Amino acid sequence: MSASCRECGGDLSLQETQRFGLASNIELTCSKCKTKTSMTLANKYARFWDLNRMAVLGMRWIGRGKQALVKFCAALNMPFPMAQTTFDRHASALCTATMAVAARSMNAAAATAEQCTLYMTLQSTLCVTYPSLLMVPGCGVDTPPCTECFR
């Protein structure tokens, strides 16, 4: 079963016109009316193809490198993925992005911890200096302070 042209019903031929690692540009050509339709099989962001970046990310997630990606592509009868320098550039970009996200996350956690420490310090200082501000009314007057006042 072959694909047919929407315009004239002729047979379509498929040809890969360009390849960028695992990403490809393909062209469908009608045998009768010679109509050509081109399409890209991946998205391009800035200067990289997402399919290539995701392939590198997948290999890094499982702790493998380019040779594992080559074997994976060969097992699936896919084209040779990319050169070592391209793989290294993708890995470096992923490392930079990971470090930036980790730094933001650690800074947010540190800020939260600092706020909690400041709150606990303020609460204990107020409780010692002005115990009536943080205590439940009537608590600690004739009885020991309740746990609500000294959490």
Side-chain angles (χ1 to χ4, degrees), residues 1-127 130 133-137 139 146-151:
M1 185 170 141
S2 64
S4 58
C5 178
R6 282 190 264 186
E7 305 292 328
C8 68
D11 290 335
L12 294 175
S13 64
L14 174 71
Q15 182 179 0
E16 183 180 53
T17 55
Q18 289 181 310
R19 199 165 60 81
F20 310 96
L22 295 173
S24 296
N25 285 339
I26 62 170
E27 187 174 86
L28 294 169
T29 307
C30 177
S31 60
K32 285 185 182 177
C33 66
K34 305 298 182 201
T35 302
K36 293 183 180 186
T37 304
S38 298
M39 64 184 76
T40 305
L41 300 180
N43 294 322
K44 188 172 185 178
Y45 297 101
R47 294 177 32 209
F48 68 89
W49 295 89
D50 65 343
L51 184 59
N52 295 329
R53 181 75 43 105
M54 292 300 117
V56 173
L57 179 62
M59 289 298 115
R60 302 306 298 152
W61 275 348
I62 63 170
R64 299 290 181 200
K66 180 182 176 284
Q67 290 307 311
L69 180 59
V70 170
K71 289 178 184 178
F72 177 76
C73 289
L76 295 177
N77 197 24
M78 292 171 59
F80 186 79
M82 62 194 79
Q84 184 67 48
T85 54
T86 305
F87 186 93
D88 292 342
R89 277 197 306 267
H90 283 297
S92 177
L94 289 167
C95 181
T96 302
T98 302
M99 295 298 286
V101 169
R104 279 197 309 267
S105 175
M106 294 299 284
N107 288 339
T112 301
E114 187 177 320
Q115 287 173 351
C116 288
T117 304
L118 180 63
Y119 175 75
M120 295 304 287
T121 304
L122 179 64
Q123 185 178 13
S124 63
T125 303
L126 285 175
C127 214
Y130 306 104
L133 290 176
L134 296 174
M135 295 177 79
V136 176
C139 179
C146 66
T147 56
E148 206 44 46
C149 295
F150 291 95
R151 277 190 267 166

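Any value given below was found using the heavy atoms of this structure, including those in side chains, with hydrogens, waters and symmetry copies removed. Keep in mind it's a predicted model, so treat the numbers as computed, not measured.
When all heavy atoms of Lys32 and Gly10 are compared, the pair lying nearest together is CD-CA, 3.9 Å. Taking each heavy atom of Ser4 and Gly9 in turn, the nearest pair found is CB-O, 3.7 Å. Nearest heavy atoms, Lys34 versus Ser31: NZ-O, 3.1 Å. Looking at every heavy atom in both residues, Leu12 comes nearest to Cys5 through CG-N, 3.9 Å. Nearest approach of Val56 to Ala91, heavy atoms of both residues: CG1-N, 3.8 Å. Nearest approach of Trp49 to Ala42, heavy atoms of both residues: CZ3-O, 3.6 Å.
Summarising the geometry, atom CG belonging to Leu41 is positioned 12.0 Å from atom CZ belonging to Arg19; distances are rounded to the nearest 0.5 Å. With values rounded to the nearest 0.5 angstrom, Ile26 atom CD1 is found 5.0 Å from Met39 atom CE. To the nearest 0.5 Å, atoms NE2 (His90) and NZ (Lys66) are separated by 12.0 Å. The distance from atom CZ of Arg6 to atom SG of Cys33, rounded to the nearest 0.5 Å, is 11.5 Å. Atom CZ of Arg60 sits about 10.0 Å away from atom OG1 of Thr98, to the nearest 0.5 Å. Put simply, CE on Met82 and CG on Leu22 are 5.0 Å apart, with the number rounded to the nearest 0.5 Å.
For the pair Thr96 (side chain) and Ser92 (backbone), a donor-acceptor distance under 3.5 Å is present.
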Can you check side chain to side chain donor-acceptor pair (under 3.5 Å) on Ser24 and Glu16, steps first, answer last?
CA-CA 7 Å; Ser24 296; Glu16 183 180 53; 2.5 Å; yes
Please determine whether side chain to side chain contact (heavy atoms under 4.5 Å, CB included) holds for the pair Asn25 and Phe20, giving the CA-CA distance in whole Å, both sets of side-chain angles, and the decisive distance to 0.1 Å.
CA-CA 8 Å; Asn25 285 339; Phe20 310 96; 3.7 Å; yes
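Residue Leu94 is tested with Met99, Arg89, Arg53, Met54 for a side-chain contact (heavy atoms from CB on, under 4.5 Å); the sole match is Arg53.
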